[in-house]
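Quick notes on the structure that follows.
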Amino acid sequence: MLRSILVALDDTPGAQSARDAAFALARRTGAALTAAVVLDNPHTRSEHEFVPLGGAAFKARRDEALAKRAEEDAAAAFAACAAVAGETPYTELRLAEAPEPALLRAGATHDLVVVGRDATLGREQTEDSVAPVIEHLLMDGARPLLVVPPGAPLGTQGPVLVGYDASLPAMAALQLFALLGLAEGSPVRVASAAEDRAAALAMAEEACAFLRRHGIDATALPMVGTRPADLLLAEAEGLGARLLVLGAFEESGLRRLVTGSATHVLLRDARCPVFIHH
């Protein structure tokens, strides 16, 4: 069962939705919650940067101002947590490293890492709506992620949709989803895509059989087609899914989520939270 949750905080809309989702999940499950802020001063400047003659005093003032702003941002994020926490206990955590190593290390002591889809965590905003830190956490982290888009619903209404392709990442994600108890009594629909219905049904039934062993009500949804991301997005929308479960995968041997890949498209465009594991 789910025992501990780490949520990454900043002021982006997705991170605020992630915070609210993490508190809601902690209230429902009783899991211990840690709210983490990445203080951005270590990775907005370099200890080895060139300082011109006479510039040391300016650098000292600038660094002090950056540190003060980072602490003010952290205080604001924790104040927002207190406003939504109610009686839900949580631990405040300040991370003084760059976001990738800081969250990888903090995540190692938690069951689940919750992050906003657009969370910048002190980095510059990119044109892509999927935060770069998500890629690093998927590739190098041991824990599953709950990636939350802005405005995602917080309740348990609606089914859970599992995207299953019989790959090792999909099997691992399915197992963690079941063991952490994230179905929370909701009906689960397992969607698999293939070029013919029989093959898709066989894949989906394989996952359903596993979930039923864990006491989870699961129904197969065979899909015919060669664009599984588009099919899954349409299915999630049609079902009003509250959660999408899938395994991340590497494409062409590259250690990155290739733009346009099924994983990236689902993370970018899903309107509900995505439980994902590599």
Side-chain angles (χ1 to χ4, degrees), residues 117 128-130 134-135 137-139 144-149 152-153 156-278:
R117 182 168 68 191
D128 200 327
S129 59
V130 179
I134 292 172
E135 177 183 326
L137 293 174
L138 281 175
M139 291 297 132
L145 303 183
L146 184 65
V147 180
V148 184
T156 57
Q157 298 300 311
V160 174
L161 180 63
V162 175
Y164 186 77
D165 63 359
S167 65
L168 290 178
M171 292 179 186
L174 189 72
Q175 183 184 39
L176 284 171
F177 165 75
L179 293 178
L180 292 176
L182 294 178
E184 298 185 81
S186 297
V188 176
R189 306 290 182 258
V190 179
S192 297
E195 294 186 3
D196 66 87
R197 189 179 186 281
L201 180 61
M203 264 195 298
E205 285 291 356
E206 175 182 282
C208 287
F210 175 84
L211 291 172
R212 290 174 192 135
R213 289 181 181 272
H214 288 267
I216 297 172
D217 175 22
T219 303
L221 284 178
M223 304 184 301
V224 178
T226 57
R227 298 177 63 88
D230 294 339
L231 293 170
L232 275 173
L233 288 171
E235 199 67 54
E237 190 71 18
L239 289 172
R242 69 169 182 86
L243 180 67
L244 178 61
V245 177
L246 59 113
F249 58 91
E250 297 176 25
E251 190 167 294
S252 305
L254 300 177
R255 284 179 53 80
R256 63 184 298 270
L257 297 178
V258 181
T259 300
S261 72
T263 303
H264 192 90
V265 168
L266 288 164
L267 284 173
R268 184 191 67 204
D269 295 339
R271 296 177 62 182
C272 63
V274 177
F275 175 84
I276 185 167
H277 181 61
H278 182 264

Q. Quick one: does Met171's side chain get under 4.5 Å of Phe210's, heavy atoms only?
A. no

Q | Closest heavy-atom pair and its distance - Arg189, Pro159 | A | CG-CB, 4.4 Å

Q.
Can you confirm whether Arg227 is buried at CZ, in the sense that more than 12 heavy atoms of other residues, nucleotides or ligands lie under 6.0 Å from that atom?
A. no

Q | Reported CG-to-CZ distance for the pair Leu161 and Phe275, which is rounded to 0.5 angstrom | A | 14.0 Å

Q: Grab the two heavy atoms, one from Cys272 and one from Ala241, that are nearest each other, plus how far apart they are.
A: CB-O, 3.4 Å

Q: Measure the OG1-NE2 distance between Thr263 and His278 for me, rounded to the nearest 0.5 Å.
A: 8.5 Å

**Q.** Working for side chain to side chain contact (heavy atoms under 4.5 Å, CB included), residues Val147 and Ile134
**A.** CA-CA 8 Å; Val147 180; Ile134 292 172; 3.7 Å; yes

Q. If you round to the nearest 0.5 Å, how far is CG of Leu176 from CD1 of Ile276?
A. 12.5 Å

Q.
Between His214 and Leu179, does the side chain to side chain contact (heavy atoms under 4.5 Å, CB included) criterion hold? Intermediate values first, please.
A. CA-CA 8 Å; His214 288 267; Leu179 293 178; 3.6 Å; yes

(Q) Restricting to non-hydrogen atoms, name the atom on Leu221 and the atom on Ala204 that form the minimum distance, rounded to 0.1 Å. (A) N-CB, 4.2 Å

Q | pair Phe177-His277: side-chain heavy atoms closer than 4.5 Å | A | no

Q | Interatomic distance, Met223 atom CE to Leu201 atom CG [nearest 0.5 angstrom] | A | 12.5 Å

Q. What's the shortest heavy-atom distance between Met203 and Ala194, and which atoms?
A. CE-CB, 4.3 Å

Q: Please step through side chain to side chain contact (heavy atoms under 4.5 Å, CB included) for the pair Val265 and Arg268, ending with a clear verdict.
A: CA-CA 5 Å; Val265 168; Arg268 184 191 67 204; 4.0 Å; yes

Q | Inter-residue atom distance Leu244.CG - Glu235.CD, 0.5 Å rounding | A | 11.0 Å

Q) Any donor-acceptor pair under 3.5 Å linking the side chain of Arg117 with the backbone of Leu267? A) yes

Q.
Minimum heavy-atom separation for Ala229 and Leu266, please, with both atom names.
A. O-CD2, 3.7 Å

Q. What residue pairs, at least two apart or across chains, pass side-chain hydrogen bond (donor to acceptor under 3.5 Å, both in side chains) with a residue in residues 190-204?
A. none

Q.
A side-chain contact here means heavy atoms from C-beta on lying under 4.5 Å apart; do Val274 and Leu146 qualify?
A. no

Q: Could you tell me which non-hydrogen atom of Arg271 sits nearest to which non-hydrogen atom of Glu237, and how far apart they are?
A: NH1-OE2, 2.7 Å

Q | Atom pair CG (Leu243) and CG (Leu246), whose distance is rounded to the nearest 0.5 Å | A | 9.5 Å

Q) How far apart are the C-alpha atoms of Val162 and Leu174, what are their side-chain angles, what is the distance that settles it, and do they pass the side chain to side chain contact (heavy atoms under 4.5 Å, CB included) test? A) CA-CA 8 Å; Val162 175; Leu174 189 72; 3.8 Å; yes

Q) Would you say Leu180 and Pro144 make side-chain contact, with heavy atoms under 4.5 Å? A) yes

